[in-house]
Amino acid sequence: MEAITIIGGGIAGLALAAGLDPERFDVAIHEQRPGVPAVETSLAMWPEAQAALAVLGVLPHIREAGTAFGGMALRDSTGTALVAPEVRGVMGVSRADLIRILDAAVPASVQRVEGRVDDIPVTGPLSSGLLVGADGVHSVVRRSFWGARSQAKLTPYLALRGVLPVPVQADAGGEYWGRGQLFGITPASGDRTYWYASFRSSLGPAGVDAAEALKQAKERFSGRAAAVRTALEQATPDATLAQRIWTTPTLGSFVRPGAVLAGDAAHGMTPNLGRGACEALVDAVTLAELLNARPMDDALKAYNRQRALRTQLLRLASSAIAGVALTERAQPLRDGLLRLVSR
């Protein structure tokens, strides 16, 4: 039995633990906060992520818990649709449901260790076998093996998100781009509404107060589209997640001797493409399949070839979209170009 220790019990960590062969690997997963998130949010599952979930055998459960996207549009701050692309093959699923389903798929043989991992000791259980950093954008594994230059980078943007217990209003779905701010409204499971917002803010960088963040959001979006104002009026601090946006720097490789990164630990990106959770799932399933089928060194090399370049490009693309969506001076030009494209 080869030892694999996974740091992080989120999407990437649970998916990897669920996919590894229990007959070949002695797996332990360290979880800072076992269980589902306290504040509910929603995630877009693109076809590649759905294929990864199918490999794990949980896609039917995700489909049962999720909801299809439809009626989405890219809008200006008043709500006028600039572009209305047809969305196919994408569904939304509650982060809590996704975590719950992945957690249930983890074999009973996997050792669960509760508690925060703040450093990687030179000797001891964490230093033996393969160490997997699935511990998010502030990964202790990345810091320990990739050095100080790999620390997460703080963006000037605040992200708020939450789920409302009402369906999406007719002709309200989509993303509203204003001057230096955006607001999204999408369907959520259970005939509810998932909303999210982003704009420049000095709150944080850690421990952002949801009530203060909501207050700022209401000020920033006052006088904007009615659907946006309605969503913010219905939002409450206890049902709102407010965080500053961090990203990871460019990494030449996701593999170091004795360690490998997956998910946000490898390629934490802005949320503008809606691909963070999807790529974490694909990372985990790809890594699990390769480790199950090949010798360790060969598997890690193949994983790096298959995942590093693609995810780094997506990270850069997401940052580029954030720059366009949240532009301030160029907002009139951006909206004019989008109107021309949509004709």
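For clarity, every value in this text was computed on a predicted model and none was experimentally measured.
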With the 4.5 Å side-chain cut-off for hydrophobic clustering, are [X] and [Y] part of the same group?
X: V113; Y: V110; answer: no
X: I185; Y: L241; answer: no
X: M269; Y: L182; answer: no
X: V90; Y: V282; answer: no
X: L203; Y: V39; answer: no

Using a 3.5 Å distance criterion without hydrogens, assess whether the side chain of [X] forms a donor-acceptor pair with backbone atoms of [Y].
X: D21; Y: N292; value: no
X: R142; Y: A265; value: yes
X: E2; Y: R24; value: no
X: S189; Y: G66; value: no
X: T327; Y: V324; value: no
X: N304; Y: L300; value: no
X: D283; Y: G263; value: yes
X: S150; Y: G147; value: yes

Intermediate values then yes/no, side-chain contact (heavy atoms from CB on, under 4.5 Å), Q50 and I62:
CA-CA 9 Å; Q50 294 179 45; I62 297 295; over 6 Å; no

Is the shortest side-chain heavy-atom distance between [X] and [Y] below 4.5 Å?
X: L314; Y: E279; result: yes
X: V141; Y: L261; result: yes
X: D264; Y: T248; result: no
X: L164; Y: R192; result: no
X: L14; Y: E31; result: yes

Hey, which of R224, R339, R334 is the one that makes salt bridge (charged side-chain N to carboxylate O under 4.0 Å, His left out) with D76?
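Of R224, R339, R334, salt bridge (charged side-chain N to carboxylate O under 4.0 Å, His left out) with D76 is met by R339 alone.
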
Evaluation steps, side-chain contact (heavy atoms from CB on, under 4.5 Å), between V93 and I101:
CA-CA 11 Å; V93 65; I101 291 167; 5.7 Å; no

Got a second to check how far [X]'s [atom1] is from [Y]'s [atom2], nearest 0.5 Å?
X: D298; Y: K301; atom1: CG; atom2: NZ; value: 6.5 Å
X: R143; Y: D118; atom1: CZ; atom2: CG; value: 7.5 Å
X: L43; Y: R161; atom1: CG; atom2: CZ; value: 8.5 Å
X: L158; Y: F199; atom1: CG; atom2: CZ; value: 5.0 Å
X: T67; Y: M91; atom1: OG1; atom2: CE; value: 10.0 Å
X: R310; Y: E48; atom1: CZ; atom2: CD; value: 5.5 Å

Stepwise side-chain hydrogen bond (donor to acceptor under 3.5 Å, both in side chains) check, T311 with R275
CA-CA 9 Å; T311 53; R275 298 299 294 251; over 6 Å; no

Indicate the atoms forming the closest heavy-atom contact of [X] with [Y], along with that distance.
X: T193; Y: V168; result: OG1-N, 3.1 Å
X: A217; Y: L160; result: CB-CD2, 4.2 Å
X: F221; Y: A197; result: CE1-CB, 4.1 Å
X: L273; Y: I321; result: CD2-CG1, 4.0 Å
X: Q312; Y: A266; result: NE2-O, 3.9 Å
X: V137; Y: G268; result: CG2-CA, 4.4 Å

side-chain contact (heavy atoms from CB on, under 4.5 Å), that's the test. Do L130 and L291 meet it? Break it down for me.
CA-CA 11 Å; L130 178 66; L291 287 170; 4.2 Å; yes

Please check if atom [atom1] in [X] has more than 12 non-hydrogen atoms from other residues, nucleotides or ligands closer than 6.0 Å.
X: Q234; atom1: CD; answer: yes
X: R95; atom1: CZ; answer: no
X: K215; atom1: NZ; answer: no
X: R63; atom1: CZ; answer: no
X: R33; atom1: CZ; answer: no
X: W46; atom1: CH2; answer: no

Listed pairs under 3.5 Å, donor-acceptor, residues 172-179 side chains, sequence neighbours left out:
from, atom 1, to, atom 2, distance (Å)
E175, OE1, W177, NE1, 2.8
E175, OE2, Y196, OH, 2.5
Y176, OH, A172, O, 2.7
R179, NH1, E328, O, 2.9
R179, NH2, Q331, OE1, 3.2

Tell me whether the rings of H267 and F254 are parallel (<30°), tilted (30 to 60°) or perpendicular (>60°).
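Ring orientation, 0 to 90° scale: tilted.
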
Hey, is D171 close enough to R75 for a salt bridge, meaning N to O under 4.0 Å?
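A salt bridge is absent here (no side-chain N lies under 4.0 Å from a carboxylate O).
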
When you look at R100 and D97, which way does the salt bridge (Lys or Arg N to Asp or Glu O under 4.0 Å) test go after all the steps?
CA-CA 5 Å; R100 191 180 296 111; D97 284 336; 2.6 Å; yes

Evaluate side-chain contact (heavy atoms from CB on, under 4.5 Å) for L281 paired with M45, printing each intermediate quantity in order.
CA-CA 10 Å; L281 284 167; M45 292 289 101; 3.7 Å; yes

Ignoring hydrogens and geometry beyond distance, is a side-chain donor-acceptor pair present between T270 and S319 at under 3.5 Å?
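Result is no, nothing qualifies.
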
